[in-house]
Amino acid sequence: MALFLPNRYAGRLIVVEGIDGSGKSTQISLLSHWLRSQGYAVAFSEWNSSPLVRQTTRRGKKKEMFTPTTFSLIHATDFANRSESYILPLVKAGAIVCADRYAFTAFARDVARGVNRRWVRNLYRFAVRPDLCFYFRVPLDVAVQRILGGRDAIKYYEAGMDLGLSRDVVESFRIFQGRILDEYEAMAQSMGFRIIDATLSIEEQQRQMREIVLEALDQRLKSGVLRVPGGESNAGATTAPVLQ
Amino acid sequence: MPVRQPLQFYSEPLPGVDTAELHGRLIVIEGPDAVGRSTQVARLRQWLEQEGHAVLDTGMARSALAGKGIKEAMRGNTLGPIAMTLFYTTDFADRLENEIVPALRAGFVVLIDRYIFSIMARAVARGEDRRWIEQVAGFALVPHAVYYLRASVEELVSRVVLGRGAFDYWESGMDVGFGADMYQSFVRYQSRLIRALDLMAKRYNFTVVDANRPADVIFEELRERIGAMQFNGAPIETIPAAPPKRAPRKRAWKSTS
């Protein structure tokens, strides 16, 4: 059975993946700003942001109610809601949809939690196949240093504390993110990831991304996707991405 | 389709659950909206408790994790079919892991008002891929019995109109819009649900119970069927309410499978 729904529509879908601290959110927000400044209709969707599901996820996390299975299912529910009411209609309409994390996040993270690989793959079968998936490759130590330096506290599920890997949050985080990293690396080739070296400068990574977008979406950028000729389209129509 | 043993997983094992530890009984009541499932579940529970069984009854959207969220999401009428299917599956998984499995470990009779079959039927009635949802819900346990309360659409319509007095948005499938108004949509949507359940009947070994009859008659049939169920060689009714001291209760409940 096919992994995803083929994108037979006018719009395009660009997604970024990578472990926490790989810098992917910064890059996709820079990319979406740039595409918008080129006049393209750009939409932005973030992992775990469905207004209908978010409350349940938040409560479950706060009260530590999740098992690997329900954690996987609630994120799939969130994704399905965004997919049905936002991503798919906009891709159909001819927008370039940029997604900060996609189904691959679940493939890596849920499997790292012990959920069956085949089951999670099937769970997301309804998702549209991305036209481009950028994977931000970063050594574990670099990512851990970035996270430790940038934020006050690592969250319970982010650190995989539910798995009982270690009593120490930082140690648990390191082990868990290491497992996720292994899962990403294992699927990088078969999923056709475009690999970006996330230890390069922000500017260089962005330059590479833009080059790949122009080359890969070439025809589609000329005709197909919605564009305001010579002008900036719907700038600020979606929530302004925060640079981390 | 292979013959499945009760209290085994359909296709995907749930992480952390050893089915050899499950000793209770899992009984499911299925059927379309307004067919009278909850009335039957309430009466069965009362009867089983009188017989001395510890009973857990549970049903859709009652999980601690997702129950509230589902109800809120349904109020807004903006939940798409796939998100709805997965939200209900999350709710089911939470109850399975935190209520149903612990109760089965403790030897309870677990009575369920709608199992994965309703989730599957709703998805299929809305045009979603049957194999997709079957695999998604594959971590469910095979019940000892599934009683499918089957009634005609006309019967359901009369129960809704006489009983509740109005059609419900979701029960009428108005999210997809199967007809020009709620009545028309209800008839078409419920027909699709019934068809989907009918197709599952053989595949999942349902016992079909004619629910066009009065509630008392349906209850008698269910009681007779459940009473005659052979559990480890003993019909359910012969298990004493207060077991004699030297015969530990555990024995009577012990699973041989």
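In what follows, chains are A, B, ... by sequence order, proteins preceding strands, each numbered from 1.
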A.B. asks: Answer yes if the side chains of A:Tyr135 and A:Glu185 hold a donor-acceptor pair under 3.5 Å, and no otherwise.
C.D. replies: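 Yes, side-chain donor-acceptor contact under 3.5 Å.
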
A.B. asks: Using distance alone, with no hydrogens and no angle criterion, decide if B:Gln135 and B:Ser11 have a side-chain donor and acceptor under 3.5 Å apart.
C.D. replies: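 No donor-acceptor contact under 3.5 Å links the two side chains.
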
A.B. asks: Please flag which part of A:Phe71 lies under 4.5 Å from any non-hydrogen atom of chain B: side chain, backbone, both or neither.
C.D. replies: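 A:Phe71 has no heavy atom closer than 4.5 Å to chain B.
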
A.B. asks: Can you tell me which portion of B:Pro81 sits under 4.5 Å from chain A's heavy atoms? Options are side chain, backbone, both or neither.
C.D. replies: both

A.B. asks: For salt bridge (charged side-chain N to carboxylate O under 4.0 Å, His left out), just list the numbers for A:Arg179 and A:Glu183, CA-CA rounded to whole Å, side-chain angles, deciding distance to a tenth of an Å, and then say yes or no.
C.D. replies: CA-CA 6 Å; A:Arg179 285 191 188 176; A:Glu183 288 299 327; over 6 Å; no

A.B. asks: Checking A:Asn116 against chain B: side chain, backbone, both or neither under 4.5 Å from a heavy atom?
C.D. replies: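 It is the side chain, since no backbone atom gets that close.
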
A.B. asks: What about A:Phe104 and A:Tyr124, are their ring centers closer than 6.0 Å?
C.D. replies: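 Ring centres of A:Tyr124 and A:Phe104 not closer than 6.0 Å.
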
A.B. asks: Checking heavy atoms, do the side chain of B:Leu96, its backbone, both or neither come under 4.5 Å from chain A?
C.D. replies: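 Neither part.
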
A.B. asks: In terms of heavy-atom pairs under 4.5 Å with chain A, which of B:Gly16, B:Ala66, B:Ala64 leads?
C.D. replies: B:Ala64

A.B. asks: Which atoms of A:Ser85 come close to chain B, meaning under 4.5 Å heavy atom to heavy atom: side chain ones, backbone ones, both, or neither?
C.D. replies: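 Contact with chain B involves no heavy atom of A:Ser85 at all.
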
A.B. asks: For the residue pair A:Asp100 / A:Ser25, report whether a side-chain donor-acceptor contact shorter than 3.5 Å exists.
C.D. replies: yes

A.B. asks: Only heavy atoms, only distances under 4.5 angstrom. Which residues in residues 160-172 of chain A are near chain B?
C.D. replies: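 Checking residues 160-172 of chain A against chain B gives no residue, so none.
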
